[in-house]
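Input: a single structure, listed below in structure tokens.
Letters go in sequence order (proteins before strands), and every chain restarts at 1.
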2 protein chains.
Amino acid sequence: MATMQDVARRAQVSLSTVSYALSGTRPVSAATKARIEAAMAELGFQPNVMARGLASKRSRTLALIFPAMELGISGTVQEFVASAATTARSHGYHLVLWPFPRDEADEVRDLVVGGMADGVLLMEVCLDDVRVDTLRAAGVPFTMIGRTEDPDGISYVDIDFDRTTEEAVAHLTALGHEHIGFLNHSERSREEGYAPTVRAEAGYRAAMRRRGLEPLAVLCDERPAAGRDAIAHLLQADPGLTAVVTMNEMATFGATVELQARGLRVPDDVSVLSIVTSPGVAAMTNPPLTTMHAPGAALGRLGVERLIAAVEGTSPTADPVLLPCLLEEGESTAPAAGHPPGTH
Amino acid sequence: MATMQDVARRAQVSLSTVSYALSGTRPVSAATKARIEAAMAELGFQPNVMARGLASKRSRTLALIFPAMELGISGTVQEFVASAATTARSHGYHLVLWPFPRDEADEVRDLVVGGMADGVLLMEVCLDDVRVDTLRAAGVPFTMIGRTEDPDGISYVDIDFDRTTEEAVAHLTALGHEHIGFLNHSERSREEGYAPTVRAEAGYRAAMRRRGLEPLAVLCDERPAAGRDAIAHLLQADPGLTAVVTMNEMATFGATVELQARGLRVPDDVSVLSIVTSPGVAAMTNPPLTTMHAPGAALGRLGVERLIAAVEGTSPTADPVLLPCLLEEGESTAPAAGHPPGTH
DNA sequence: TTGAAAGCGCTACCAT
DNA sequence: ATGGTAGCGCTTTCAA
């Protein structure tokens with residue numbers, strides 16, 4: 001491979017000028033720069049990442065840790081990753097994914113301390129996440145996607161579950177619904193401290209009580225078949241149910257089927273609103289779902305920006321961000337029976 | 001951070017001895033080694049990856065490129081990644097994932113040429129994949145997970161679609177089925193040259209014809225709702241259908257539902273066999289599916305081993321590997337009506 | 001079994 | 001606007 005020295009000789013300039021031309025850290029005349037660029041092109045020069053990293057003490061790499069839970073890597077994560085990668089590149093960084101289970105935080109720390117990455121994005125943060133303590137103790141710059149129970153003082157971006165559930169319930173009550181159920185993630189996810197399971201249910205309950213309505217929530221495995229059972233449970237607990245907020249895509253597939261199997265039309269008899277939803281999920285059912293789309297792309301961008309701020313030690317402390325999911329009208333929500341729009 | 005020189009001073013040995021103690025490339029007396037290890041522990045020494053990489057001209061990093069198609073990142077991919085990461089580590093390598101769309105092969109090449117990784121694993125390889133040409137031309141060591149149309153001379157590991165579909169059809173004919181449909185991936189996937197769509201259907205057709213049976217295949221979007229339609233199409237084309245081989249998890253969810261909605265019991269009236277299936281999918285439906293589980297973990301291990309062989313230029317040319325999916329009995333296949341086991 | 005030292009290919013500071 | 005050069009923290013050859 002051609003080195004910077006090779007480029008310098010061919011362009012008849014010093015090595016340092018090539019370096020400066022590349023980094024732009026110091027003015028280089030247009031003519032010289034042109035010669036250098038020509039030389040680089042002719043030699044197929046590609047700067048050596050290791051040499052650059054050793055000299056600058058920065059890898060210009062950001063690592064996204066994904067524990068790959070059983071919940072699977074959803075479309076939201078893909079949006080997130082794509083956006084994070086693009087944002088990182090536009091700032092001169094390279095985003096890589098490190099597959100590490102939650103209990104291997106030490107390995108992550110060692111890699112960063114060893115210089116493989118300048119900072120870390122933590123996905124699927126649990127309410128009580130060991131990785132957070134490990135990274136803090138080691139002084140590794142990191143940003144959480146999600147947040148622990150008490151995230152004060154830690155850099156994070158997350159979904160605003162309070163606003164999301166409030167708006168979900170508001171959407172349905174505006175349509176006249178009063179018997180609104182909530183189909184949550186699995187019991188297992190809650191036991192593992194999966195934050196969305198806890199926060200969304202709390203938000204839903206608050207939104208219901210705020211309106212004097214009775215909350216009715218069920219936990220449900222991430223399987224279509226479990227979604228069918230969950231609907232059965234909800235209808236048994238409240239035969240007058242006219243709407244369901246779901247935060248469990250696999251279960252939602254089964255839920256719509258079970259409703260129809262019972263002769264309940266969606267949305268005429270029962271409305272279904274799927275929240276914290278991946279792109280494309282709306283079209284997966286019949287009728288297409290009304291959803292509240294998780295802000296994956298925005299979180300990716302903001303998370304990377306926050307991490308870079310932390311890595312470069314520039315901005316004092318970028319404030320945390322909470323973004324709600326956005327309502328996208330489909331065909332699975334409609335006015336409650338006896339409540340045509342405007343009459344409530 | 002503590003450097004190797006710091007460790008050397010504290011252990012009262014030369015820098016090079018520390019290096020050799022760490023790499024094991026040269027004998028070091030037990031006593032010295034013990035002092036060195038003590039010093040490393042006390043200083044919390046972590047070797048600098050950049051310096052090591054610059055000096056040795058190897059990053060000891062392997063990059064897995066995943067284009068993240070719309071098909072989503074399934075459980076199979078997770079098994080694959082976990083296994084690949086473990087295998088890499090056991091060989092002293094670090095596996096990272098690089099999120100790059102198929103058309104950004106140049107970026108991948110430049111990163112490897114720049115020394116960010118020693119070699120590349122290519123996932124979701126299409127029949128005609130530009131990345132293959134780019135990497136070959138640049139002399140970048142790589143191994144395909146999957147294979148192009150004519151993969152001769154390229155290192156790869158893949159699913160054996162011929163054997164998998166042959167065994168799927170064999171399983172069903174052994175149960176007395178003769179009217180066996182095939183529910184494939186989407187038309188779009190085939191247009192994109194997604195190899196499994198093409199190879200599996202070819203294998204299915206061959207397996208049917210080999211038995212003098214009439215093949216009946218449909219392409220189907222990766223959505224439960226599309227799976228329902230697909231079943232309708234299949235039953236219309238062959239009302240005598242008693243079994244379906246599916247290779248489309250999302251569609252399979254809808255397919256079982258549609259069968260039941262039509263009063264066809266699974267497996268009493270129609271058997272469903274889901275092939276190239278992710279772990280956990282079997283339990284997602286009611287009844288649990290009989291599946292042929294994709295060999296994700298085995299492919300991960302073998303792929304990494306092949307790539308390392310290529311990177312280290314040792315073994316001449318590791319032969320390609322084709323592994324079939326493994327049958328896992330569930331409750332969605334049964335003898336064809338009028339064909340109790342043993343009577344065929 | 002150990003030590004000394006020459007790079008690896010850059011960045012960034014010192015010059016001019 | 002440009003050039004010279006001292007490291008960055010290792011690996012590895014050469015010597016002992």
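Judged by distance alone, with hydrogens and angles left aside, the side-chain atoms of R60(A) form a donor-acceptor pair with the main-chain N or O of G92(A) at under 3.5 Å. Under a 3.5 Å cut-off, the side chain of R301(A) and the backbone N or O of T87(A) do not form any donor-acceptor pair.
Among pairs with a residue in residues 139-157 of chain A, those fulfilling salt bridge (charged side-chain N to carboxylate O under 4.0 Å, His left out) read R147(A)-D158(A), at least two apart in sequence or across chains. Screening residues 10-20 of chain B for salt bridge (charged side-chain N to carboxylate O under 4.0 Å, His left out) gives R10(B)-E42(B) as the qualifying pairs, with residues at least two apart or on separate chains.
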Would you list the atom pairs, donor with acceptor, under 3.5 Å between side chains in residues 130-140 of chain A and any protein atom, with sequence neighbours excluded?
{"unit_1": "R131(A)", "atom_1": "NE", "unit_2": "D129(A)", "atom_2": "OD1", "d": "2.9"}
{"unit_1": "R131(A)", "atom_1": "NH2", "unit_2": "M123(A)", "atom_2": "O", "d": "2.8"}
{"unit_1": "R131(A)", "atom_1": "NH2", "unit_2": "E124(A)", "atom_2": "O", "d": "3.4"}
{"unit_1": "R131(A)", "atom_1": "NH2", "unit_2": "D129(A)", "atom_2": "OD2", "d": "3.0"}
{"unit_1": "T134(A)", "atom_1": "OG1", "unit_2": "V130(A)", "atom_2": "O", "d": "3.3"}

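Read 5' to 3', the first and last nucleotides of DNA chain D with an atom closer than 4.0 Å to a heavy atom of chain B are dG9(D) to dC14(D).
Classification of R102(A) and E192(A) as a salt-bridged pair fails, no side-chain N sitting under 4.0 Å from a carboxylate O.
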Inset, instruction - Heavy atoms under 4.0 Å is the rule here; annotate nucleotides 1-8 of chain C 5' to 3' with B where the base is hit, S where only the sugar-phosphate is, and - elsewhere. - result: SBBBB-BB
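Looking only at side-chain heavy atoms (C-beta outward), L323(B) and L302(B) come within less than 4.5 Å of each other. Put simply, the side chain of I36(B) reaches to within 4.5 Å of the side chain of M40(B), judged on heavy atoms. A 4.5 Å side-chain heavy-atom check between L97(B) and F66(A) finds at least one atom pair inside the cut-off.
No side-chain donor from either of H91(B) and E312(B) sits under 3.5 Å from a side-chain acceptor of the other.
Rounded to 10 degrees, the angle between the two end axes of the helix from dT1(C)-dA16(D) to dT16(C)-dA1(D) is 30°, with five pairs used at each end.
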